Amino acid sequence: MELTAVVTGAARGIGRCVVDRLTAQGYRVVAADRSPVEAGDGIVPMTVDVSEPGAAEAVVGRAVDEFGRLDLLVNNAGRFLRRPVLETTDDDFDALFAVNVRPVFRFCRAALPHLAQTRGSIVNTASISGLVGIANQSVYAMTKGAVVQLTRQLAIEWAASGVRVNAVAPGAVDTGFMDEARAADPDPARSLATTLSNHPIGRMSTPDEVARAIVFLAAPESAGLTGTILSVDGGYVAR
Ligand SMILES: NC(=O)c1ccc[n+]([C@@H]2O[C@H](COP(=O)([O-])OP(=O)(O)OC[C@H]3O[C@@H](n4cnc5c(N)ncnc54)[C@H](O)[C@@H]3O)[C@@H](O)[C@H]2O)c1
């Protein structure tokens with residue numbers, strides 16, 4: 001039996017590492033991203049903006065049409081915004097919720113009936129910003145807080161159907177996401193030093209470290225976990 005997954009934000013960073021780990025385990029993966037996803041064995045690339053209406057149904061539908069089943073949904077696509085609250089506009093607010101929150105809801109809604117048939121699971125990529133306060137991230141933190149709470153809600157709503165719903169909450173991860181955030185900072189060197197000093201292990205996580213936690217949350221080894229928000233943050237929230 002070959003397991004089937006949908007991964008969003010699959011072109012690079014954490015999402016790409018998840019795709020590589022899943023295919024190495026024999027999963028077939030529909031890998032969705034607004035940027036082209038590099039093809040490979042077991043990968044069905046889909047270039048799609050997850051915020052578009054109908055995207056969730058199209059991506060989930062592709063997995064079910066092509067492989068006849070869905071075992072795992074990884075909601076990982078996301079954007080960052082570091083901006084003081086007084087400089088944050090309504091458009092910033094709408095744009096971030098449109099990518100970080102509504103698609104997560106839509107993909108879960110589209111996938112859950114199929115996951116109930118396989119007793120599959122959902123893993124969402126949240127953030128430490130959804131768990132603790134961090135200056136100048138008001139809207140980003142709200143979006144990730146929403147992902148945390150949707151994870152808990154769906155874990156309870158679908159437990160009796162055998163679907164597990166969990167999330168990872170990464171701290172700083174060494175991906176293009178952080179590079180771009182630093183480049184937008186007036187003092188990138190100071191920004192990096194602050195980031196490192198806030199993480200007790202003294203470094204950022206690697207994208208593969210986060211991917212390993214995501215794959216664990218999808219695996220039988222974590223069968224007893226649902227509604228769990230697993231921090232992968234080098235000790236950030238333990239401080
Ligand atoms: N890097 C970090 O420090 C960090 C920390 C905490 C949480 N996260 C979360 O991890 C997830 C992955 O981030 P990453 O670090 O791998 O970033 P990344 O920028 O390397 O990768 C994100 C991917 O999502 C895709 N994407 C963005 N908007 C999209 C859209 N509308 N439709 C389709 N695809 C879209 C991008 O094209 C990109 O390939 C995000 O949800 C992010 O919020 C990252």
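Just so we're clear, the structure is a prediction, and the values are computed from it rather than from any experiment. Order of listing sets the numbers, starting from 1, for every ligand and every atom in it.
- Asp185 has no carboxylate O lying under 4.0 Å from a charged side-chain N of Arg182, or vice versa, which leaves the two without a salt bridge.
- At the top of the distance list for atom 22 (C) of ligand 1, counting protein heavy atoms only, stands Gly78 O, 4.2 Å.
- An N or O contact shorter than 3.5 Å is missing between Arg79 and ligand 1 by distance.
- More than 12 heavy atoms of other shown residues, nucleotides or ligands fall within 6.0 angstrom of atom CG in Asp187.
- With a heavy-atom cut-off of 4.0 Å, Ser129 does not touch ligand 1 at all.
- Contacts with ligand 1 closer than 4.0 Å are made by no heavy atom of Glu180, backbone or side chain.
- In this structure, the protein non-hydrogen atom closest to atom 38 (C) of ligand 1 is Asp33 OD2, 3.5 Å.
- Distance from atom 6 (C) of ligand 1 to its nearest protein heavy atom, with residue and atom name: Pro170 O, 3.4 Å.
- In this structure, atom 3 (O) of ligand 1 lies nearest to the protein heavy atom Val173 N, 2.8 Å.
- If you check the side chains of Ser222 and Arg164, you find a donor sitting under 3.5 Å from an acceptor.
- Scanning the protein heavy atoms around atom 4 (C) of ligand 1, the nearest turns out to be Phe177 CE2, 3.6 Å.
- Judged by the shortest distance from any of its heavy atoms, Val48 lies inside the 4.0 Å radius around the atoms of ligand 1.
- In this structure, Arg21 contributes its side chain and Val18 its backbone to no donor-acceptor pair below 3.5 Å.
- Taking only nitrogen or oxygen atoms, main chain and side chain alike, Ile14 reaches within less than 3.5 Å of ligand 1.
- Counting only N and O atoms by type, the side chains of Asp208 and Thr206 include no donor and acceptor under 3.5 Å apart.
- The closest approach between a heavy atom of Pro207 and any atom of ligand 1 is not below 4.0 Å.
- Residue-ligand proximity: Ser205 is placed with every non-hydrogen atom at 4.0 Å or more from ligand 1.
- Within ligand 1, the atoms closer than 4.0 Å to a non-hydrogen atom of Thr125 are 9 (C), 10 (O), 11 (C), numbered from 1 in the order shown.
- Only the side chain of Thr175 comes within contact range of ligand 1, with a heavy atom under 4.0 Å; no backbone atom does.
- Heavy atoms of Gly171 approach ligand 1 to within less than 4.0 angstrom.
- Listed by atom number, the atoms of ligand 1 under 4.0 Å from Ala77 heavy atoms are 24 (O), 34 (N), 35 (C), 41 (O).
- Short contacts between ligand 1 and Ala172, defined as distances under 4.0 Å to a heavy atom of the residue, involve ligand atoms 3 (O).
- Annotation: side chain of Leu22 is in contact with side chain of Leu72 (closest heavy-atom distance under 4.5 Å).
- Arg212 forms no cation-pi arrangement with Phe216, by the criterion of a distance under 6.0 Å to the ring centre and an angle within 45° of the ring axis.
- The closest donor-acceptor contact from the side chain of Asn76 to the backbone of Thr8 lies under 3.5 Å.
- Ring geometry for Tyr140 versus Phe80: interplanar angle over 60°, hence perpendicular rather than tilted (30 to 60°).
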Inset, instruction - Decide yes or no on salt bridge (charged side-chain N to carboxylate O under 4.0 Å, His left out) for Asp33 and Arg12, but give the supporting numbers first. - result: CA-CA 9 Å; Asp33 201 292; Arg12 68 177 202 179; over 6 Å; no
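- Within the model, atoms CE of Met204 and CD of Glu209 stand 12.0 Å from one another, a figure rounded to the nearest 0.5 Å.
- Polar contact with ligand 1: absent for Gly9 (N/O pair, distance under 3.5 Å).
- Summarising the geometry, atom NZ belonging to Lys144 is positioned 8.5 Å from atom CG belonging to Leu96; distances are rounded to the nearest 0.5 Å.
- At a 4.0 Å heavy-atom cut-off, ligand 1 touches Asn76 through backbone and side chain alike.
- Atom CD of Glu57 sits in a crowded spot, with more than 12 heavy atoms from other residues, nucleotides or ligands closer than 6.0 Å.
- Between Ser127 and ligand 1, no N or O atom pair is found at a separation short of 3.5 Å.
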Inset, instruction - Could you please spell out the steps behind the side-chain hydrogen bond (donor to acceptor under 3.5 Å, both in side chains) verdict for Thr89 and Asp91? - result: CA-CA 5 Å; Thr89 66; Asp91 284 348; 5.2 Å; no
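- Close contacts between ligand 1 and Ser35 involve ligand atoms 37 (O) [criterion: under 4.0 Å to a heavy atom].
- Counting atoms of ligand 1 from 1 in the listed order, those under 4.0 Å from a heavy atom of Ala126 are 7 (C).
- The protein heavy atom nearest to atom 8 (N) of ligand 1 is Tyr140 OH, 3.7 Å.
- Here the CD atom belonging to Glu87 is positioned 8.0 Å from the CG atom belonging to Asn136, to the nearest 0.5 angstrom.
- Val7 and Ile214 fall within the same hydrophobic cluster, defined by Ile, Leu, Val, Met, Phe, Trp and Tyr side-chain heavy atoms under 4.5 Å apart, directly or through other members.
- Under a 4.0 Å criterion applied to the non-hydrogen atoms of Asp49, ligand 1 contributes the atoms 30 (C), 31 (N), 32 (N).
- Taking every heavy atom of Met178 and a limit of under 4.0 angstrom, the matching atoms of ligand 1 come to 1 (N), 2 (C), 3 (O).
- Between Val50 and ligand 1, at least one N/O pair is under 3.5 Å apart.
- Heavy atoms of Lys144 approach ligand 1 to within less than 4.0 angstrom.
- Counting protein heavy atoms only, atom 18 (P) of ligand 1 is closest to Arg12 NE, 3.3 Å.
- Looking only at protein heavy atoms, the nearest one to atom 33 (C) of ligand 1 is Arg34 N, 3.1 Å.
- In the displayed structure, Arg109 atom CZ is contacted under 6.0 Å by more than 12 heavy atoms of other residues, nucleotides or ligands.
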